[in-house]
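I have placed the structure first, in the form of structure tokens, so that the comments after it can refer back to it.
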Amino acid sequence: MRGKIALYAIRIAVLAATLGSVVGCRMPLFRETVHVREESPALQAEFTRLEEEHATSTLGALVTDSRIGIGQWDRMYSIASASDDILNSRLGTDLRWSGLPFDDADVQIFMNKGKVVYAYLDREPYHDVENLMFATPQSVVRTRQITPARQDSYQPPDYWRAEIESFAP
């Protein structure tokens with residue numbers, strides 16, 4: 001009896017998945033889930049080192065030197081105010097996302113051949129890619145001196161900011 005019930009359940013699942021793909025329905029039970037991680041202190045440290053040295057590098061070198069271990073990737077995206085729908089629309093995916101922020105953090109997404117391989121929350125100071133653009137491992141990361149606007153009688157000190165070269169899709 002158990003065997004018949006299990007076989008029946010499997011047939012229903014296969015039928016639901018087939019109908020969902022034929023009709024174009026989103027089947028949330030069968031979608032892959034991406035877990036968005038907290039910001040990597042090691043990657044943040046690589047950006048900070050670059051800024052302190054007023055240096056230039058590539059994004060791929062910074063990721064490799066941070067040893068966060070994301071494997072192969074070919075694009076990085078930065079998405080603010082992220083929700084499942086916004087992320088899937090921008091990335092051309094149909095995924096479930098867990099760990100999305102409820103604050104002003106951006107979501108940084110590394111992809112390889114259209115698949116998400118790593119995603120994390122990026123909080124201030126942001127090291128992100130321009131809106132609606134992407135970066136590659138070969139993207140140049142340059143530091144630029146920033147002079148903040150004067151505030152009444154106080155002139156905040158200059159600081160250095162790493163900027164990632166971005167490309168239009």
Side-chain angles (χ1 to χ4, degrees), residues 20 25-149 156-169:
C25 296
R26 295 171 79 177
M27 302 295 292
L29 296 176
F30 299 107
R31 292 190 312 186
E32 181 182 345
T33 299
V34 173
H35 301 284
V36 180
R37 303 165 191 246
E38 286 297 317
E39 184 169 38
S40 165
L43 185 56
Q44 179 63 39
E46 287 302 315
F47 279 106
T48 300
R49 178 191 57 76
L50 195 73
E51 291 166 344
E52 289 172 352
E53 296 173 359
H54 310 167
T56 299
S57 185
T58 64
L59 185 56
L62 291 175
V63 169
T64 299
D65 292 348
S66 74
R67 295 191 167 105
I68 58 175
I70 65 173
Q72 293 292 318
W73 61 279
D74 55 16
R75 290 188 176 198
M76 175 190 160
Y77 295 88
S78 301
I79 302 176
S81 303
S83 68
D84 283 32
D85 290 338
I86 290 170
L87 289 165
N88 285 327
S89 173
R90 286 276 311 280
L91 300 171
T93 58
D94 186 27
L95 303 167
R96 281 190 310 184
W97 297 81
S98 71
L100 292 177
F102 294 103
D103 56 16
D104 60 351
D106 288 354
V107 179
Q108 309 293 4
I109 302 111
F110 290 85
M111 299 184 76
N112 189 41
K113 298 178 182 164
K115 302 277 187 197
V116 175
V117 295
Y118 189 81
Y120 74 93
L121 300 177
D122 186 23
R123 294 189 167 87
E124 281 194 60
Y126 300 109
H127 295 102
D128 52 7
V129 179
E130 289 182 52
N131 189 33
L132 302 176
M133 300 184 95
F134 68 91
T136 69
Q138 296 79 29
S139 290
V140 176
V141 182
R142 291 182 177 85
T143 54
R144 182 169 66 95
Q145 187 173 6
I146 306 291
T147 301
D158 290 358
Y159 62 94
W160 289 81
R161 172 97 169 105
E163 297 179 342
I164 304 170
E165 176 184 30
S166 304
F167 303 98

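From a predicted model like this one, the values you see are computed outputs, not experimental measurements.
- Ring planes of Tyr120 and Phe110: parallel class, angle under 30° (limits at 30 and 60°).
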Salt bridge (charged side-chain N to carboxylate O under 4.0 Å, His left out) assessment of Arg96 paired with Asp84: CA-CA 6 Å; Arg96 281 190 310 184; Asp84 283 32; over 6 Å; no

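- When each of Glu52, Glu51, Glu53 is checked for a side-chain hydrogen bond (donor to acceptor under 3.5 Å, both in side chains) with Arg49, only Glu53 meets the rule.
- Remark: the backbone N or O of Val140 is paired with a side-chain donor or acceptor of Glu165 at under 3.5 angstrom.
- With values rounded to the nearest 0.5 angstrom, Leu59 atom CG is found 11.0 Å from His127 atom NE2.
- Within the 4.5 Å cutoff, the side chain of Leu62 has heavy atoms near those of the Ser57 side chain.
- Distance CZ/Phe47 to CD1/Ile164: 4.0 Å, rounded to 0.5 Å.
- Ser166 places no side-chain N or O within 3.5 Å of a backbone atom of Val129 that could act as its donor or acceptor partner.
- Interatomic distance, Trp160 CH2 to Arg142 CZ, rounded to the nearest 0.5 Å: 13.0 Å.
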Begin from the C-alpha positions of Asn88 and Leu95 and carry the test side-chain contact (heavy atoms from CB on, under 4.5 Å) through to its verdict. CA-CA 7 Å; Asn88 285 327; Leu95 303 167; 3.8 Å; yes

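- Heavy atoms only, all atoms of each residue included: Thr93 and Gly114 are closest at CG2-O, 4.3 Å.
- Summarising the local packing, CZ of Arg161 is surrounded by more than 12 heavy atoms from other residues, nucleotides or ligands at distances under 6.0 Å.
- Residues Val34 and Ser98 form no side-chain contact, since every pair of their non-hydrogen atoms from C-beta on lies 4.5 Å or further apart.
- Side chain of Ser78 to backbone of Asp128: no donor-acceptor contact under 3.5 angstrom is found.
- Of all the heavy atoms in Ser40 and Tyr118, the pair that sits closest is CB-OH, 4.1 Å.
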side-chain contact (heavy atoms from CB on, under 4.5 Å), that's the test. Do Val36 and Trp97 meet it? Break it down for me. CA-CA 7 Å; Val36 180; Trp97 297 81; 3.8 Å; yes

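- Minimum interatomic distance between Phe134 and Pro169 (heavy atoms only, all atoms of both residues): CE2-CA, 3.6 Å.
- Distance check, rounded to the nearest 0.5 Å: CE of Met111 to CD1 of Ile70 gives 12.0 Å.
- Heavy-atom contacts from other residues, nucleotides or ligands closer than 6.0 Å to CD of Glu32 number 12 or fewer.
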Mind running side-chain contact (heavy atoms from CB on, under 4.5 Å) on Thr143 and Glu163 for me, showing each step along the way? CA-CA 6 Å; Thr143 54; Glu163 297 179 342; over 6 Å; no

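- Under a 4.0 Å N-O distance rule, the pair Asp74/Lys113 does not qualify as a salt bridge.
- Counting all heavy atoms, side chain and backbone alike, Met133 lies closest to Arg90 at N-NH2, 4.2 Å.
- Side-chain contact between Val63 and Trp73 is present, with heavy atoms from C-beta onward closer than 4.5 Å.
- A donor-acceptor contact shorter than 3.5 Å is absent between the side chain of Ser89 and the backbone of Ile86.
- Here the closest non-hydrogen pair linking Val117 and Gln72 is CG2-O, 3.8 Å.
- When all heavy atoms of Thr136 and Phe167 are compared, the pair lying nearest together is OG1-CE1, 4.0 Å.
- A 4.5 Å side-chain heavy-atom check between Lys115 and Leu91 finds every atom pair outside the cut-off.
- Residues Asp158 and Pro148 meet the side-chain proximity criterion, which asks for heavy atoms closer than 4.5 Å.
- The shortest distance between side-chain heavy atoms of Thr58 and Val141 does not fall below 4.5 Å.
- Dense packing is recorded around CZ of Arg123, with more than 12 heavy atoms of other residues, nucleotides or ligands lying under 6.0 Å away.
- Rounding to the nearest 0.5 angstrom, the gap separating the NE2 atom in His35 from the CG atom in Leu100 is 11.5 Å.
- How far CG of Leu43 is from OG1 of Thr64: 10.5 Å, rounded to the nearest 0.5 Å.
- The main-chain N or O of Asp122 is never found under 3.5 Å from a side-chain atom of Asp106 such that the two would form a donor-acceptor pair.
- Listed for the Ser66 side chain is no donor-acceptor partner under 3.5 Å among the backbone atoms of Ala42.
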